[in-house]
Amino acid sequence: MQVAGPKALGAWWLSELTADMGLEAFVTISSVSVRQAGTGMATYTAANAFLDSLVRYRRSIGLPGE
């Protein structure tokens with residue numbers, strides 16, 4: 001959780017705190033290569049999946065997300 005916690009929670013709170021600011025873009029970085037890395041990277045992969053889901057959620061409610 002040392003990687004997943006800060007990455008996921010940081011993105012969530014930035015999303016929440018900027019939701020009403022009229023941003024033109026909200027960009028997150030998730031690594032495709034780690035999804036193929038396999039063993040030992042489960043929490044990092046989960047954090048990247050969370051970022052991808054956060055972007056989909058933002059788009060579904062009419063907010064920018066990349």
Side-chain angles (χ1 to χ4, degrees):
M1 192 64 167
Q2 289 177 340
V3 173
K7 186 172 189 170
L9 288 175
W12 174 258
W13 284 115
L14 281 173
S15 177
E16 287 292 300
L17 294 170
T18 61
D20 61 350
M21 296 180 90
L23 298 178
E24 291 184 29
F26 185 87
V27 179
T28 63
I29 307 294
S30 65
S31 174
V32 173
S33 63
V34 101
R35 292 184 189 144
Q36 300 167 351
T39 307
M41 300 299 277
T43 58
Y44 193 65
T45 302
N48 287 324
F50 178 83
L51 292 184
D52 295 343
S53 296
L54 178 60
V55 167
R56 284 192 298 277
Y57 167 72
R58 286 182 58 87
R59 288 179 184 165
S60 77
I61 61 171
L63 294 172
E66 302 292 327

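Every value quoted in this text rests on a predicted model; they were computed, and no experiment measured them.
- Applying the side chain to side chain contact (heavy atoms under 4.5 Å, CB included) test to L23 and every residue at least two apart in sequence or in another chain returns T18, M21, F26, P64.
- Identified under the side-chain hydrogen bond (donor to acceptor under 3.5 Å, both in side chains) test for residues 53-66, with sequence neighbours left out: S15-R58, S53-R56.
- Annotation: the span from L9 atom CG to F50 atom CZ amounts to 7.0 Å, rounded to 0.5 Å.
- For the residue pair A11 and L51, the shortest heavy atom distance occurs at CB-CD2, 3.2 Å.
- W13 and L54 fall within a single hydrophobic cluster, where Ile, Leu, Val, Met, Phe, Trp and Tyr side chains are chained together by heavy-atom contacts under 4.5 Å.
- Connection of W12 to L63 is established within a shared hydrophobic cluster, with ILVMFWY side chains joined at heavy-atom distances below 4.5 Å, either directly or through further cluster members.
- A continuous path of Ile, Leu, Val, Met, Phe, Trp and Tyr side chains, each step under 4.5 Å between heavy atoms, connects I61 with L14, placing both in one hydrophobic cluster.
- Under the rule for a side chain to side chain donor-acceptor pair (under 3.5 Å), T28 has no partner lying at least two apart in sequence or in another chain.
- Across all their heavy atoms, K7 and A47 have their closest contact at CD-CB, 3.9 Å.
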